[in-house]
Structures are given as C-alpha cells and as structure tokens.
Amino acid sequence: MTGLLLCGLGIAIAIKVKHLGLHPWDVLNVALFELFGLSIGTWSIISGLILLAFSLVVNRKYIGVGTFLNTILIGLFIDFFLWTGLLPSATHTWVDYLILILGIGIAGTGGGMYVAAGLGAGPRDGFMLYIADKTKLSVSHARILVESLVLIVGYLLGGPVFIMSLLYTFLLSPVFGRSLMVFKGLITSIEERRVPNSISS
C-alpha cells in the first residue's frame, strides 16, 4: 500500500511539470483528460481496467490481489495529491527538472516497493509481460515497444510529449531496480528472522 501511495505521489508531482514531458502512460491519461474531462486519475483507472480485463481473458499468469489494488488505488492517489494543492507548481525554470526528477525518484521507489511484495504485477506491467511472452521479445524490448506505441497515441491525442518523455523510462528504471532489490532484501531478511523463531516455538 505504501508503494502504491508513493507511485501516485510521484506521478502527481511529475504531472505538475508536464510541459517537460511525461511517462508514455501518463501522456495518454493527460491527453484523455484534456479531451474528455473526468480526471487524470480516473483515466488511469479506466486504462488499467481495460488492460486488466484483457489479461483476465487471455492470460491470468501475472494477476494477483496487487494487480487490482494497483489498478484502482494509484489513480485515486494521483487525483488526491493533485487535489490537495500542496505539490510544487511549475516555475518554467531549471527548477522544474528537479521537481520532475523528484517525482520520478518517488514513483520508482514506490514501484519497487509494491512489486517486491509479490502480490501481482500492475495491469500495464502484466500487459507488457504478456506481449514479451507472445512475441518472444525480451522484457525490456517489449516495454520499449508497448510504451512507444502508447506515447505515439498520446501524442496524436495532444498529450504533453517533450524531451523528458524520451528520457523518463531510462531515469525510472534504475530507481525501480534499486528499490526492488532493497525491498526484496528486506523481505528476505525479515522472513529469515521469522524461521528460527518459528522453530524455537
């Protein structure tokens, strides 16, 4: 839950400086929001539900309780943090890049945290993994393919695409990977301490 909360916070911070460019899925959600209304978080939920429904039909391998929580809660958290009015606003100076990097760092940390829990991949990650399985592409190549197509669709719909849209994944992935390693190690350490206690009891 903390991981999902941090994901929502990081995405909301990035959206405040969206003129620099966003992650492909957020480009799409912002474009749909500007075209049809509702809210950015609502479109995140809708797109997640569509991908979740697809996964339920074709392959449930990567679905768990965490998948459903991810689908609903991240969108709600995005809207909540944007609604509070407490997030830093765009300055249209170099400071905006620091704000965006902060958002990416928080989102990446949260992503690693919730994946480490092992309760199921998010709907977008599950879809990407399904594409990798079907096409025999590597996971990284499948991610590039899927996110490139999403970015193109978001751009055509008028979403905020700029230089950071191209760099976003390259900045997010190392933070995510490090966070995943740290929290997996923490979980393993906790489980190892529990085993001796269980034996002694």
Side-chain angles (χ1 to χ4, degrees), residues 2-48 51 70-71 73-115 122-125 127-128 140-180:
T2 303
L4 296 176
L5 180 71
L6 290 176
C7 283
L9 174 59
I11 293 170
I13 290 173
I15 288 171
K16 296 293 286 186
V17 290
K18 62 181 183 294
H19 62 281
L20 298 178
L22 294 173
H23 187 274
W25 287 105
D26 298 322
V27 168
L28 178 61
N29 293 330
V30 169
L32 292 170
F33 160 69
E34 292 177 346
L35 281 172
F36 303 110
L38 298 178
S39 69
I40 297 171
T42 299
W43 284 111
S44 175
I45 294 171
I46 291 172
S47 61
L51 294 176
N70 179 301
T71 302
L73 293 183
I74 288 183
L76 294 178
F77 288 143
I78 291 171
D79 282 347
F80 170 75
F81 286 117
L82 291 174
W83 169 79
T84 63
L86 298 176
L87 300 181
S89 298
T91 65
H92 297 279
T93 66
W94 60 269
V95 175
D96 290 354
Y97 287 93
L98 296 181
I99 294 172
L100 182 57
I101 290 171
L102 174 65
I104 292 172
I106 292 173
T109 300
M113 187 182 293
Y114 93 77
V115 171
R124 293 160 188 82
D125 292 329
F127 178 73
M128 175 269 298
S140 59
H141 287 165
R143 180 183 294 277
I144 291 171
L145 173 64
V146 171
E147 292 186 351
S148 295
L149 292 174
V150 171
L151 186 64
I152 291 170
V153 173
Y155 173 74
L156 293 175
L157 292 175
V161 176
F162 197 55
I163 184 64
M164 293 305 292
S165 297
L166 304 177
L167 299 177
Y168 205 113
T169 299
F170 294 101
L171 294 174
L172 182 66
S173 294
V175 179
F176 172 87
R178 181 63 179 172
S179 173
L180 178 61

Run the side-chain donor-acceptor check on residues 149-158: report pairs under 3.5 Å with partners two or more places apart or on a different chain.
none

Counterpart residues, side chain to side chain contact (heavy atoms under 4.5 Å, CB included), relative to [X] (two or more places apart):
X: F33; value: I40, W43
X: S47; value: N29, R124
X: S89; value: K16
X: T2; value: L6, M113

Specify the closest pair of heavy atoms between [X] and [Y], including all atoms of both residues, with the distance to one decimal.
X: G122; Y: Y114; value: N-OH, 3.6 Å
X: G112; Y: S179; value: CA-OG, 3.5 Å
X: P123; Y: T71; value: CG-OG1, 3.3 Å

Of T109, L4, I78, L87, the residue whose pairing with L9 passes side chain to side chain contact (heavy atoms under 4.5 Å, CB included): L87
Side chain proximity check, W25 to V146, heavy atoms < 4.5 angstrom: yes
Approximate separation, where rounding is to 0.5 Å, of F77 CZ and L82 CG: 13.5 Å
Candidate pair L5 and F81, rule side chain to side chain contact (heavy atoms under 4.5 Å, CB included), full reasoning: CA-CA 10 Å; L5 180 71; F81 286 117; 3.7 Å; yes
Please list every donor-acceptor pair under 3.5 Å in which a side-chain atom of residues 161-168 meets a protein atom from a residue at least two apart or in another chain.
from: S165; atom 1: OG; to: L22; atom 2: N; distance (Å): 3.1
from: S165; atom 1: OG; to: L22; atom 2: O; distance (Å): 3.1
from: S165; atom 1: OG; to: F162; atom 2: N; distance (Å): 3.3
from: S165; atom 1: OG; to: F162; atom 2: O; distance (Å): 3.4

Residue pairs fulfilling salt bridge (Lys or Arg N to Asp or Glu O under 4.0 Å) with at least one residue in residues 147-162, sequence neighbours excluded: R143-E147
Results of side chain to side chain donor-acceptor pair (under 3.5 Å) for S39 - residues two or more places apart only: T42, D79
Which residues share a side chain to side chain donor-acceptor pair (under 3.5 Å) with D26, sequence neighbours left out: none
Contacts of type ring pair (Phe, Tyr, Trp, His ring centres under 6.0 Å), residue F127, not counting sequence neighbours: F54
Donor-acceptor pairs under 3.5 Å, side chain of residues 95-104 to any protein atom, not counting sequence neighbours: which ones?
from: D96; atom 1: OD1; to: T91; atom 2: N; distance (Å): 2.7
from: D96; atom 1: OD1; to: T91; atom 2: OG1; distance (Å): 2.8
from: D96; atom 1: OD2; to: H19; atom 2: NE2; distance (Å): 3.0
from: D96; atom 1: OD2; to: T91; atom 2: N; distance (Å): 3.3
from: D96; atom 1: OD2; to: H92; atom 2: N; distance (Å): 2.6

